[in-house]
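These figures come from a predicted structure and were not determined experimentally. Naming: A, B, ... by sequence-line order, numbering from 1 per chain.
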There are 2 protein chains.
Amino acid sequence: MQATERAAKKSATVKLAAMKEERASRMVDGLRGAGLKLTPQRLALVRELAGDASHPTAQELFERLRPALPTMSFATVYNTLAALSEARLCATRSLMRGPVRFDPKVEPHDHAVCGDCGRVTDVPIPSVPVRKDGERARRIEGFSVHHVERVYRGICADCRPK
Amino acid sequence: MQATERAAKKSATVKLAAMKEERASRMVDGLRGAGLKLTPQRLALVRELAGDASHPTAQELFERLRPALPTMSFATVYNTLAALSEARLCATRSLMRGPVRFDPKVEPHDHAVCGDCGRVTDVPIPSVPVRKDGERARRIEGFSVHHVERVYRGICADCRPK
DNA sequence: GAGCTTAATTAGAATGATTCTTACATGCAA
DNA sequence: TTGCATGTAAGAATCATTCTAATTAAGCTC
């Protein structure tokens, strides 16, 4: 690896950690602002979700937190995730059959879904204006569009036949 | 209603019925072609699904067929829908939390999803070229895109506050 | 810092969606 | 029409999620 690459990777890692911190504190502030109590369970869940771009399920988060909080119940995971998404501090994604997935990234973006392993990857929004699409749908259906979401369906690099 | 509107509506109805027939026979032929037996249960399900643009769930189809086939089991509905989608004779849609929905329309198109009632409506594909989006995702993620799907999230006419 | 109030947590039951299992029934090729 | 491979029925099993009722604890007040 060259020095420039190493520097770029280090910079990306630093940026990621900063983003995680920023998301975590935004979630904590949001919970407080909504008049919700800051329990150890909620703080642990927020910390776990904030730095996770893999779109985990409630089950996955529960299992990751279990070692640290062995008495935590499933309902708490669901309740906390419901509170977070209610307050728009995280998003829920249902891009394929199976459990709902949670996303700490609330800014508009799209997703690539692997039809083989089910992995969901973030994709930045395209330069193509989204508003045009939205207006078309509004005209055609009498439908008031809040936002447009693109789903790229295909096969990820790891699942592609060698 | 004016004569031209009436004529247009009648024409649309005729076209819809023709499309239903065409889809139903395509499904029947497809089942036969896949070496699957044409049982009364499968034929009834195909007829029910072919003309339905509402993206029904397995439960809904089961309930609609129960009067005609009171002994049919739930597993048969799921088995038949799995066989149809396996053979690309229908599509499955998971656009929001809750049960998978089934779609007789296999040609590429997009969907508008009401965040209030959950209704899913077909939307024709936009004139904006989809390939451009797909290529972007492929480049960025090492992801092989099969197709791009747009989801318009908002509120439908019936759910909009008066 | 102790007590109070009220919301949060826990454990487990309940519900809903889907898949699996096993025994019986039947479409269809010979 | 007969045989057999496939399909179906009924219900159990599994997975995701929500609900319930009883206990616990966050954070305010003093």
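Take the nearest nucleotide of DNA chain D for P40(A) and for V100(A): the residue whose nucleotide is more 5' is V100(A). Mapped onto DNA chain C by nearest heavy atom, L36(B) and P99(B) fall at different nucleotides, with P99(B) at the one closer to the 5' end.
F62(B) and F74(B) have tilted rings, their planes meeting at an angle from 30° to 60° on a 0 to 90° scale. Aromatic ring orientation, H109(B) versus H55(B): tilted (interplanar angle from 30° to 60°).
Not one N or O on the side chain of R160(B) forms a donor-acceptor pair closer than 3.5 Å with the backbone of I155(B). Side-chain N or O atoms of E60(B) include one that pairs as donor or acceptor with a backbone N or O of T57(B) at under 3.5 Å. In terms of modelled atom types and a separation under 3.5 Å, the side chain of S85(A) and the main chain of R88(A) share no donor-acceptor contact. In this structure, the side chain of T80(A) does not engage the main chain of V77(A) through any donor-acceptor pair within 3.5 Å.
Using a 4.0 Å cut-off on heavy atoms, the residues of residues 55-84 of chain B that approach DNA chain C are Q59(B), F74(B), A75(B), Y78(B), listed by number.
Tested against D52(A), the residues R23(A), R64(A), K20(A) include a single side chain to side chain donor-acceptor pair (under 3.5 Å) partner, R64(A).
Boundaries of the chain A contact region on DNA chain D are dA16(D) to dG27(D), first to last in 5' to 3' order (nucleotide atom under 4.0 Å from a heavy atom).
At whole-Å resolution of the value, CZ in R97(B) and P in dG16(C) are 17 Å apart. Between the C1' atom of dC28(C) and the CG atom of L31(B) lies a distance of 15 Å, rounded to the nearest Å.
V100(B) places none of its side-chain heavy atoms less than 4.5 Å from the side chain of R93(B).
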